[in-house]
Amino acid sequence: MKGPVYDARIRYTFLLVLTLAFLFLSILAPLFMPNDPNHASLSDAKQAPSAVYPWGTDWLGRCVLSRVLAGAPVSIFSALVIVGLTLMVGSAVGIACGYWGGKVDSILMRIVDIFLAFPGMVLALAVAGMLGKGLNNAVLALVATGWPTYARLMRGQVLTLKEENFVHAAKLNGQTTVSILFLHILPNALRPVVVTASLSIGGTILSLAGLSFLGLGPQPPLAEWGSMLADGRGLMQQHPWIVLYPGLAILMTSILFNLLGDSVRDVLDPHDSRNLFQKVKRKRIP
């Protein structure tokens, strides 16, 4: 029977397939590049879009289309790695705080409070500045500033779940702490954490592009969308195509992942008042 739940699943499936196809195409991006993305030719600098250079050339005569395609795997998969690492680190800290509590909880949560007291991007800039320029350091900076959110969320989930009857039953059955955590608590606690992670991918792409724009991300000649914006910002009025297409790539990719995150939330998050499954369940209550 069709209804809100059916529509949510259709939307989620469509966006998931579209995102997977986009990721697959980004892996194959080198096959579609019309020119060498790192080949510089001052005689071809700042050329308008043409048959040879469909999206024009930058200030060094490099093909903008080829560099946008070459930067897709760097920008997208770096953001996915950042989200994955922040989820793992934050979840591990949150599980330790929520399950064992005591001094472990007090110490780690005070560290989390310190991190959350600073604006995320400002703290990432400080960390990236201390680590130095480069893609790996930019990834580490964003991971170092992103894990507290997942730690606090996971801690709250574990504090609730460890008092549930099925956890007490597992303890009475003699199951080890490891089995209780990984077989009973973690599978039930991951749902809102995964929802948060899916919603943060678009923002992570923007944060990585921001660090690259300020010169703290991938260094030349490696192509990356944020660094491409930085290279062409002084020519935006005279030669807008140099920043237009990298900017559109960042915009469209962020929108796609944000829409996917919204659909994941609608399907998975039972605590969201906007969740379609929750709405249907409430309607069925006599």
Side-chain angles (χ1 to χ4, degrees), residues 12 16 19 23 76-121 123-124 127 131 136-168 170-171 175-208 257-258 260-272 275 277:
Y12 166 74
L16 180 62
T19 304
L23 294 176
I76 297 172
F77 288 99
S78 296
L80 294 178
V81 169
I82 292 169
V83 172
L85 290 176
T86 53
L87 188 151
M88 289 189 291
V89 174
S91 297
V93 173
I95 289 174
C97 294
Y99 191 80
W100 284 285
K103 293 183 178 180
V104 174
D105 183 30
S106 299
I107 294 173
L108 292 178
M109 281 299 105
R110 296 299 75 76
I111 296 174
V112 169
D113 291 338
I114 292 173
F115 274 87
L116 293 177
F118 296 92
M121 195 58 186
L123 189 57
V127 175
L131 294 176
N136 293 336
N137 290 338
V139 170
L140 289 176
L142 291 174
V143 171
T145 58
W147 67 269
T149 301
Y150 297 96
R152 184 170 290 280
L153 180 59
M154 180 61 78
R155 175 181 178 270
Q157 293 294 312
V158 174
L159 284 174
T160 302
L161 290 170
K162 74 175 185 179
E163 301 299 332
E164 295 290 339
N165 291 332
F166 64 87
V167 175
H168 292 304
K171 292 179 179 179
Q175 295 189 24
T176 64
T177 300
V178 175
S179 65
I180 291 174
L181 287 175
F182 285 93
L183 296 180
H184 300 285
I185 292 181
L186 188 59
N188 291 284
L190 270 180
R191 181 177 291 179
V193 177
V194 170
V195 171
T196 302
S198 64
L199 288 169
S200 67
I201 296 175
T204 303
I205 293 175
L206 292 175
S207 297
L208 181 61
F257 279 105
N258 284 335
L260 178 63
D262 287 338
S263 65
V264 171
R265 179 198 59 204
D266 292 338
V267 171
L268 293 182
D269 191 356
H271 303 295
D272 196 318
N275 184 281
F277 286 100

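Atoms considered below: every heavy atom in the structure, side chains included; atoms not considered: hydrogens, waters and symmetry mates.
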> What pair of heavy atoms forms the shortest contact from N188 to Q157, and how long is it?
Replying inline: O-OE1, 4.5 Å
>> Using the rule given for side chain to side chain contact (heavy atoms under 4.5 Å, CB included), can you reason through I185 versus I95, listing the C-alpha separation, both sets of side-chain angles and the distance that settles it, and then say yes or no?
In response: CA-CA 9 Å; I185 292 181; I95 289 174; 5.9 Å; no
> Can any side-chain N or O of S91 pair as donor or acceptor with the backbone N or O of M88 at less than 3.5 Å?
Replying inline: no
>> Side chains of R265 and T196, heavy atoms from C-beta outward: is any pair under 4.5 Å?
In response: no
> Quick one: OG on S200 to CG on N258, what's the gap to the nearest 0.5 Å?
Replying inline: 9.5 Å
> Do you know which two heavy atoms are closest between Q175 and H184, and how far apart they sit?
Replying inline: OE1-NE2, 2.9 Å
> Can you tell if the side chain of L23 reaches within under 4.5 Å of the side chain of L80, non-hydrogen atoms only?
Replying inline: yes
> Which residue pairs pass the ring pair (Phe, Tyr, Trp, His ring centres under 6.0 Å) test when at least one of the two sits in residues 76-113, sequence neighbours left out?
Replying inline: none
> For M121, what residues pass the side-chain contact (heavy atoms from CB on, under 4.5 Å) criterion, not counting sequence neighbours?
Replying inline: S207, L211
> Which heavy atom of T86 sits nearest a heavy atom of L142, and at what distance?
Replying inline: CG2-O, 4.0 Å
>> Side chains of L140 and V127, heavy atoms from C-beta outward: is any pair under 4.5 Å?
In response: no
> Is the shortest heavy-atom distance from the side chain of F257 to the side chain of I76 under 4.5 Å?
Replying inline: yes
>> Which heavy atom of I82 sits nearest to which heavy atom of V139, and what is that distance?
In response: CG1-CG1, 3.7 Å
> Hey, what do you get for CE (M109) to CZ (R152), rounding to the nearest 0.5 Å?
Replying inline: 6.0 Å
> If every non-hydrogen atom of C97 is compared with every non-hydrogen atom of D105, which pair is closest and at what distance?
Replying inline: CB-OD1, 3.3 Å
>> Please check if the number of heavy atoms outside F166 that lie under 6.0 Å from its CZ is greater than 12.
In response: yes
> Taking the side chain as C-beta and beyond, is there a heavy-atom pair between V112 and R155 under 4.5 Å?
Replying inline: no
>> Could you tell me if the side chain of L186 sits less than 4.5 Å from the side chain of L181, heavy atoms only?
In response: no
> If you look at every heavy atom in L260 and T19, which pair is closest and at what distance?
Replying inline: CD2-OG1, 3.6 Å
> Got a second to check how far Y150's OH is from L85's CG, nearest 0.5 Å?
Replying inline: 11.0 Å
> If we only count heavy atoms from C-beta on, is the T149 to F115 side-chain gap below 4.5 Å?
Replying inline: no
> Roughly how far, to the nearest 0.5 Å, is the OG1 atom of T177 from the NZ atom of K171?
Replying inline: 8.0 Å
